[in-house]
2 protein chains.
Amino acid sequence: MQHWFIDRQAIALPTWREAMPAAQVLARARAGSVVGAGILWFRLRSGEAASEVLPAAGPAADQHFVVLSDEPDEDTVLQCLTAGAAGCCNSHAAPEVLQQVALVVANGGLWVGQSLLRRVMGGTARIIEQRQQARNDDWSALLSEREAEVARLVASASSNKEIARQLSISERTVKAHLTSVFEKLGLRDRLQLSLRINGLPR
Amino acid sequence: MQHWFIDRQAIALPTWREAMPAAQVLARARAGSVVGAGILWFRLRSGEAASEVLPAAGPAADQHFVVLSDEPDEDTVLQCLTAGAAGCCNSHAAPEVLQQVALVVANGGLWVGQSLLRRVMGGTARIIEQRQQARNDDWSALLSEREAEVARLVASASSNKEIARQLSISERTVKAHLTSVFEKLGLRDRLQLSLRINGLPR
DNA sequence: GCCAGAACTGTACTTTGGTGCAATGGTGTA
DNA sequence: TACACCATTGCACCAAAGTACAGTTCTGGC
């Protein structure tokens with residue numbers, strides 16, 4: 001498997017050379033006309049966007065793109081993947097890691113750093129949980145008709161006074177319903193109620 | 001690196017043997033007292049939950065868990081990761097794939113099948129986009145760094161006192177920031193702020 | 001008929017949220 | 001240097017939210 005390191009200035013880090021001694025190093029300007037089959041490692045310097053660096057056409061059938069990012073964060077990695085890369089890791093990763101990335105990518109896999117992966121998977125897990133919780137809609141099940149009505153209004157940022165006017169009841173009654181709602185759902189205040197009803201943050 | 005295949009009946013698939021000829025095969029009942037350092041491959045049969053199969057204690061410092069699932073889907077993989085596994089792949093994966101999984105996991109990585117990864121990352125990308133769009137809603141653009149920070153905490157239902165403690169500032173300062181936030185965004189109180197940040201109706 | 005639960009309300013109280021006024025210190029820019 | 005903006009805080013004040021205790025009315029089920 002041939003490796004191509006493609007950077008603005010045709011400079012390869014020592015770790016890259018150590019990982020793939022037989023690799024070719026190219027400046028971006030020349031890369032288009034020279035590069036053949038194999039793994040193309042694109043260096044993404046600070047402030048650069050993946051879309052500027054990766055060829056818009058995407059990888060050929062016999063090529064794989066990998067991004068070596070100076071500042072790999074969640075957004076960067078996603079941009080890289082969207083732009084056709086099969087992986088994204090830190091520019092200064094150890095040679096062993098680079099080799100591992102190469103192995104995975106060469107076999108048609110995707111590579112994202114484990115910290116990112118953990119975060120992403122964790123996030124997904126949280127999202128799924130929340131979605132299930134939201135779907136359960138259990139909040140309204142626990143409440144009486146009137147309580148749920150008040151709760152809904154609170155969740156849309158109405159004040160007690162407004163709710164009272166709207167339902168033609170006293171402000172005191174609104175408070176009574178709310179106290180009951182908080183107690184039943186184990187919440188502290190109207191803001192928590194709002195999050196519970198509107199489906200948590202994100 | 002020692003490999004241990006752990007199944008209900010101490011049966012290993014031919015592909016497993018091919019991938020790791022030196023592996024030990026154990027029945028679940030005996031595994032607890034026998035297994036040592038290395039990679040522990042747990043077979044998850046149809047209908048079984050990851051939590052039933054994986055030791056609740058999680059992997060020891062010199063161990064890694066991998067789940068071989070008969071029916072790997074998104075939920076299963078997430079359950080496995082939550083339960084302490086470093087990877088999850090199809091029970092009937094090719095030997096080369098198993099070896100690759102072993103390599104990644106042995107080096108402290110996480111492994112999830114690429115189809116799942118693509119899906120998860122795709123979903124995450126969508127979510128992040130939405131989040132950015134919602135965030136772009138320019139609310140944060142209008143605010144100073146500190147104001148945005150306070151706003152975010154408010155949006156997650158923290159009280160002023162909690163925010164003050166968390167940011168190591170006085171409650172009065174929190175209030176000051178909030179007053180400024182309300183003014184800049186044209187809002188009345190923290191509940192409206194929460195809705196603005198978390199994305200209104202739906 | 002009795003009881004449970006809901007809806008409703010009042011008085012009184014504590015806590016939290018939000019504003020006005022005033023002040024200090026830092027940073028950056030015309 | 002002067003000016004603008006930000007971060008910080010204190011004191012005082014008012015409004016809103018939430019709780020405690022107490023009470024009425026109505027409805028449906030045992």
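FYI, side chains are in, hydrogens and waters are out, and symmetry mates aren't considered; it's all heavy atoms of this structure. So that the names make sense, note that chain A is the first sequence line, chain B the second, and so on, each numbered from 1.
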Rounded to whole angstrom units, what separation is found between the [atom1] atom of [X] and the [atom2] atom of [N]?
X	N	atom1	atom2	value
B:R190	C:dT19	CZ	P	11 Å
B:I169	D:dC6	CD1	C1'	13 Å
B:L178	D:dT8	CG	P	13 Å
B:H177	C:dG17	NE2	P	16 Å
B:E147	D:dC6	CD	P	6 Å
A:L193	D:dA17	CG	P	13 Å
A:E145	C:dC8	CD	P	11 Å
B:F182	C:dG18	CZ	P	4 Å

What does the list of N/O pairs under 3.5 Å between the protein and nucleotides 10-16 of chain C look like, with a distance for each?
unit_1 : atom_1 : unit_2 : atom_2 : d
C:dG10 : O6     : A:R172 : NE     : 3.1
C:dG10 : O6     : A:R172 : NH2    : 2.9
C:dT11 : O4     : A:R172 : NE     : 2.9

What closest approach, in Å, do [X] and [Y] show between heavy atoms, and which atom pair accounts for it?
X	Y	result
A:P55	A:F42	CD-CZ, 3.5 Å
B:S91	B:L13	O-CD1, 3.5 Å
A:R188	A:Q192	N-OE1, 2.9 Å
B:A12	B:V25	CB-CG2, 3.7 Å

Open item on the list: Over all strands shown, is B:S144 touching base, sugar-phosphate only, or nothing at heavy-atom distances under 4.0 angstrom?
Closed with: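 Result for B:S144 = sugar-phosphate.
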For [N], does either OP1 or OP2 sit under 4.0 Å from a side-chain N or O belonging to [X]?
X	N	result
A:R146	C:dA7	no
A:T179	D:dT19	yes
B:T173	D:dA7	no

* Residue pair A:E147 / A:S144, side-chain donor-acceptor N/O under 3.5 Å ->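 The answer is yes; a qualifying pair exists.
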| If you round to the nearest 0.5 Å, how far is CG of A:L26 from CZ of A:F5? |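 Result: 11.0 Å between the selected atoms.
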Is B:R45 salt-bridged to B:E48, cutoff N-O under 4.0 Å?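 No, no charged N to carboxylate O under 4.0 Å.
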